[in-house]
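Since the structure comes first, as structure tokens, the remarks are kept for the end.
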Amino acid sequence: MPVVVVESPAKAKTINKYLGDDYTVLASFGHVRDLPPKDGSVDPENDFAMKWEIASDSKKHVKAIRDALATDPNLILATDPDREGEAISWHLLEALAPALKKGAEVSRVTFNAITKNAVSEAMARPRQIDQPLVDAYLARRALDYLVGFNLSPVLWRKLPGAKSAGRVQSVALRIIVDREMEIEAFKAREYWSVHARLATPRGDEFDATMTVFGGKKLERFDIATEKEAMLAVSAIAARDLTVASVTAKPASRNPWPPFMTSTLQQEASRKLGLGARACMSAAQRLYEAGHITYMRTDGIDMAPEAVMAARDAIEARFGEEYLPKSPRMYKNKAKNAQEAHECIRPTDMMRSPDKLPVSEKDQRALYDLIWKRTIASQMESARMERTTVEIASADGQVGLRANGQVMLFDGFLKVYDQGRDDEEDEDSRRLPQIAEGEAAAKRSISPEQHFTQPPPRYTEATLVKRMEELGIGRPSTYASIVTTIQDRDYVRKEQNRLIPEDKGRLVTIFLREYFPRYVSYDFTANLEGELDDISSGERAYREVLRRFWRDFTAALEGTSELRITEVLEAIDDALAPHLYPPRADGTDPRECPLCGKGRLHLKTARSGGAFIGCGNYPECRFTRPLGSPDAEVVGDTVLGTDNGDEISLKNGRFGPYVQRGEATEEVPKPPRASIPKGWDVASVDLERALALLALPREIGPHPEDGVAVEAGIGRYGPYVKHGSKYANLPDVDEVFTIGMNRAVEVLASKPTRGRAAAAAPLAELGEHPEGGPVQVMNGRYGPYVKWAKVNATLPRDLEPGDVTMEKALELIAAKAAKSGKKPAAKTAAKKPAAKKAAARKPAAKKPAKKAAPKAAEG
């Protein structure tokens, strides 16, 4: 039996079902060989020779394939139909070559969908491995290796705390960092709009926006202040308004093309909340199960038979009116042949999402998205009527406009509408019947303040879209790029938005300063284009590698003499607008807020990483993290001495604090006190530090029992304490001044809490029918009814004094039924003699448990 090799066991299982017992279908479990992660795996001195090794996890899979070839030497490589799939087939052939018998036939087959028909057709049209595709893979792999193994050590040496750099990942990181710096540099601009609620003579109301003021057409920023907006409101209020014109125009919307990789990731993120990795994982499983076509593609064309199948499904499900007279054709934008596959579509157009034999939530949701987009792409356009109503005053000084539309035929929108990131626009509103020349009565006029908004942070989906626009990366790489920059802690994701970490900023600025070409959008896109040329056979891959390596080594040599201080100064200057934004009081943003003498600079720590520190070190030890200066945290500085001990102001894991002396072997934990919330850290001097270190402060003996009363600052803020009783103080400064009279007053006003208070019932209702008292209690979360171990909270509208036994039994029964905990009825106590007899009686042995039946094998 010929041996067929695919990547995954799920794919192998599906294909084996179609091929039957005449073939042996095995999985390689992805790539079987890779470059060893050490220097010398790619040798530029030896014409970029590459040293490959079989991964330890892959050896058993290669052995299984080799053993199968012992009985039938014919090998069929059926990996995915793209550059990566071609590379896996090439690696398999290289690894299995010693085991192939003389005269053995080796062929390559590809199919865009794992269906019986597609697999059968592919097996009937075998070919040889496409060497240009393999060469493109080799070039990409060598480039990534050379950049990673030569640029990353430069980062480690010159920028402490940095991890590594990647050829495409670094450019993706730059996109995110550049956007963040745009946001930080953005200055909001105020502007106003004026809206009116108008009514027709028939009483139907509609909304309109002011478009003409003082006889002049309004532009976006023409009404710049509230004062101007109120003048505009007055101008409308003082004039009668008439409908000047009503214009209705037919309009149509055409469907979107079927999905390719990038658009699928964008819509899955927008509509389903799936990140790029989760989206592709779900799509991979749908593909391997035979439900959709191959999911790594930048093609949007559809096979003719698939188009006809979609049209049949539309006619059967929605009727002829939703079917265009001729099929819709979408032009494939892919430049490189290896990516020019079909779009991502269902393999069976008649299999609607409700008929999909899949239980996994993400897969079902993703299939639903793909099916709807594919079906909609072949449906009739949506038709609507858009209406524009112009309203004006008789003198032409004031004008307003109302827009709306009426859906005449929903067309493809019956199935699918692409998501939007912005709100619904006013053109989608419905308007009442409005006639030209009739009066428009004013119901209300309102000004609305606006501010221009900074560009939004990228989501995974919009980052993929931006990379696609720039020509950076390819369908098979998007998900891994987005994942890698997060795994390296260069970027974090918050509320689905990508935010650069300080570490990511430093790496980006370093690369922009010293390797600008290799994080250039144009250079990276052009290099991707050259890799595409290699895959189509138009370039030799070693020629591309030679040219890249010559320029790259020159750039590396240019950094060999760099000192860390030079690097930090360059990054400090480049990041100055972010690190030292203008202060509200107009003082120098680089002036140290603690000592007022030193200037702030970017510094590195011994443990790696960077921070902002005062240049007046060691006299001043002010530090803060690279984050926003709004949350400045003072670092380590000496405030003075007391009884020979240095009193220091320090920055700790949980914020700033003061400390007496330094840690020694004899005193590993010297006295310290946190700076209270609300205190200005810069105002903490020696006197205030000593006051903090002296807490808790003894006020004196309590007048009733003589037990000491203290004041201090604890986990929950300032307090006074008498024995085990604590009472909070409203003001932290009162801790240092409070006297006995005030302390006794605060303690007396503290309500009694805890078990002692809870033990006193508010009301005794009597005995429960099954035994035990029923009581109304006051608890931490309000009054409740108690019987045995059942506690039933009182409804908000029921006062404790109004609870009857009947109502209490009803609440207890409901609570017991809900929790499943019903106390056992109390039994009469045993007589002493019976207790002794029971004690002497040996306990009955529990019957032995039967052994569980073994699971059936096979």
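Please read these numbers as outputs of a predicted model, since none were measured by experiment. Reckoned from all heavy atoms, side chains included, excluding hydrogens, waters and symmetry mates.
Of the inter-residue distances, the one linking Ser252 atom OG with Glu380 atom CD reads 9.0 Å to the nearest 0.5 angstrom. Annotation: the span from Gln169 atom CD to Leu173 atom CG amounts to 10.0 Å, rounded to 0.5 Å. One distance of note links CZ of Arg202 with CD of Glu438; it measures 4.5 Å at 0.5 Å rounding. We find the CD1-CG distance between Ile292 and Leu286 to be 5.0 Å, quoted to the nearest 0.5 Å. To the nearest 0.5 angstrom, Leu274 atom CG is 12.0 Å from Glu267 atom CD. In this structure, Tyr478 OH and Thr261 OG1 are separated by 7.5 Å, a value rounded to the nearest 0.5 Å.
Lys465 is not listed as a side-chain neighbour of Tyr458, based on a closest heavy-atom distance of 4.5 Å or more. The closest side-chain heavy-atom distance from Arg127 to Thr110 is below 4.5 Å. In this structure, Ile175 and Arg179 have side chains that are not in contact, with every pair of non-hydrogen atoms separated by 4.5 Å or more. A heavy-atom distance below 4.5 Å is found between the side chains of Leu264 and Leu366. Looking at heavy atoms from C-beta onward, Thr347 lies out of side-chain contact with Tyr287 at the 4.5 angstrom threshold. Between Glu390 and Thr388, the closest side-chain pair of non-hydrogen atoms falls below 4.5 Å. In this structure, the side chains of Leu218 and Thr211 stay at 4.5 Å or more apart for every pair of heavy atoms. Inter-residue side-chain proximity for Pro258 and Arg345 is flagged as unmet; no heavy-atom pair is nearer than 4.5 Å.
When every heavy atom of Met350 is checked against every heavy atom of Ala316, the shortest pair comes out as CE-CB, 4.4 Å. Taking all atoms of both residues into account, the shortest heavy-atom contact from Thr387 to Ala248 is OG1-CB, 4.0 Å. When all heavy atoms of Met379 and Phe318 are compared, the pair lying nearest together is CE-CD1, 4.1 Å. Of all non-hydrogen atoms in His195 and Thr209, the two that sit nearest each other are ND1-OG1, 3.2 Å. The nearest pair of heavy atoms linking Thr374 to Ile344 is OG1-O, 3.8 Å. Residues Val358 and Arg364 approach most closely at O-NH1, 2.7 Å, considering heavy atoms.
The pair Arg83-Glu86 fails the salt-bridge criterion, with no side-chain N (NZ, NE, NH1 or NH2) lying under 4.0 Å from an Asp/Glu carboxylate O.
A side-chain donor from one of Thr79 and Arg108 sits under 3.5 Å from a side-chain acceptor of the other. Glu342 and Thr293 share no donor-acceptor pair across their side chains, judged by distance under 3.5 Å alone. A donor-acceptor pair shorter than 3.5 Å can be found between the side chains of Ser352 and Asp354. Counting only N and O atoms by type, the side chains of Arg373 and Tyr416 include a donor and acceptor under 3.5 Å apart. Side-chain contact annotation: Arg285 with Ser281, donor-acceptor N/O pair under 3.5 Å present.
In this structure, Arg457 contributes its side chain and Glu180 its backbone to no donor-acceptor pair below 3.5 Å. The closest donor-acceptor contact from the side chain of Asn526 to the backbone of Asp522 lies under 3.5 Å. Between the side chain of Glu528 and the backbone N or O of Gly473 there is at least one donor-acceptor pair closer than 3.5 Å. With hydrogens and angles ignored, the 3.5 Å screen pairs no side-chain donor or acceptor of Arg328 with any backbone N or O of Pro255. Side-chain atoms of Arg492 do not come within 3.5 Å of backbone N or O of Glu501 as any donor-acceptor pair. Ser120 places a side-chain N or O within 3.5 Å of a backbone atom of Lys116 that can act as its donor or acceptor partner. Distance alone, capped at 3.5 Å, places no donor-acceptor pair between the Arg351 side chain and the Trp371 backbone. Checked by atom type and distance alone, the side chain of Arg140 never pairs as donor or acceptor with a backbone atom of Leu531 at under 3.5 Å. Judged by distance alone, with hydrogens and angles left aside, the side-chain atoms of Thr263 form a donor-acceptor pair with the main-chain N or O of Met260 at under 3.5 Å. Side-chain atoms of Glu205 never come within 3.5 Å of backbone atoms of Gly203 as a donor-acceptor pair (strictly under, hydrogens ignored).
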Is there a salt bridge (charged side-chain N to carboxylate O under 4.0 Å, His left out) between Asp487 and Arg277? Walk through the geometry before answering. CA-CA 12 Å; Asp487 290 346; Arg277 176 193 279 178; 3.7 Å; yes
Evaluate side chain to side chain contact (heavy atoms under 4.5 Å, CB included) for Thr508 paired with Val519, printing each intermediate quantity in order. CA-CA 8 Å; Thr508 296; Val519 288; over 6 Å; no
Going through the checks in order, is the side chain to side chain contact (heavy atoms under 4.5 Å, CB included) test met by Leu77 and Trp90? CA-CA 9 Å; Leu77 301 167; Trp90 177 77; over 6 Å; no
Please determine whether salt bridge (charged side-chain N to carboxylate O under 4.0 Å, His left out) holds for the pair Arg383 and Glu321, giving the CA-CA distance in whole Å, both sets of side-chain angles, and the decisive distance to 0.1 Å. CA-CA 12 Å; Arg383 297 190 298 276; Glu321 62 178 330; over 6 Å; no
Please report the C-alpha distance between Arg220 and Thr452 in whole Å, then the side-chain angles of each, then the deciding distance to 0.1 Å, and finally whether the side chain to side chain contact (heavy atoms under 4.5 Å, CB included) criterion is met. CA-CA 10 Å; Arg220 185 182 187 187; Thr452 54; 3.9 Å; yes
Set out, in order, the CA-CA distance, both residues' side-chain angles and the distance that settles side chain to side chain contact (heavy atoms under 4.5 Å, CB included) for Lys11 and Asp80, then state yes or no. CA-CA 10 Å; Lys11 188 175 176 182; Asp80 287 343; 2.7 Å; yes
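Not a single side-chain hydrogen bond (donor to acceptor under 3.5 Å, both in side chains) links Tyr18 to another residue, sequence neighbours left out. Not a single salt bridge (charged side-chain N to carboxylate O under 4.0 Å, His left out) links Asp130 to another residue, sequence neighbours left out. Every residue two or more places apart in sequence or in another chain was checked for a salt bridge (charged side-chain N to carboxylate O under 4.0 Å, His left out) with Glu315, and none qualifies.
When the shell of 6.0 Å around CE of Met329 is examined, it contains 12 or fewer heavy atoms from other residues, nucleotides or ligands. The environment of NZ in Lys493 is crowded: more than 12 heavy-atom neighbours from other residues, nucleotides or ligands sit within 6.0 Å. Environment of CD in Gln495: sparse, with no more than 12 heavy atoms of neighbouring residues, nucleotides or ligands closer than 6.0 Å.
Taking the ring axis of Phe221 as reference, the NZ or CZ atom of Arg189 stays within 45° of it and closer than 6.0 Å to the ring centre. Taking the ring axis of Tyr521 as reference, the NZ or CZ atom of Arg174 stays within 45° of it and closer than 6.0 Å to the ring centre.
Using cut-offs of 30° and 60° for the angle between ring planes, the Phe409 and Tyr322 rings count as tilted. Using cut-offs of 30° and 60° for the angle between ring planes, the His450 and Tyr191 rings count as parallel.
Partner of Glu460 under the side chain to side chain donor-acceptor pair (under 3.5 Å) criterion, chosen from Gln266, Arg497, Gln486: Gln486.
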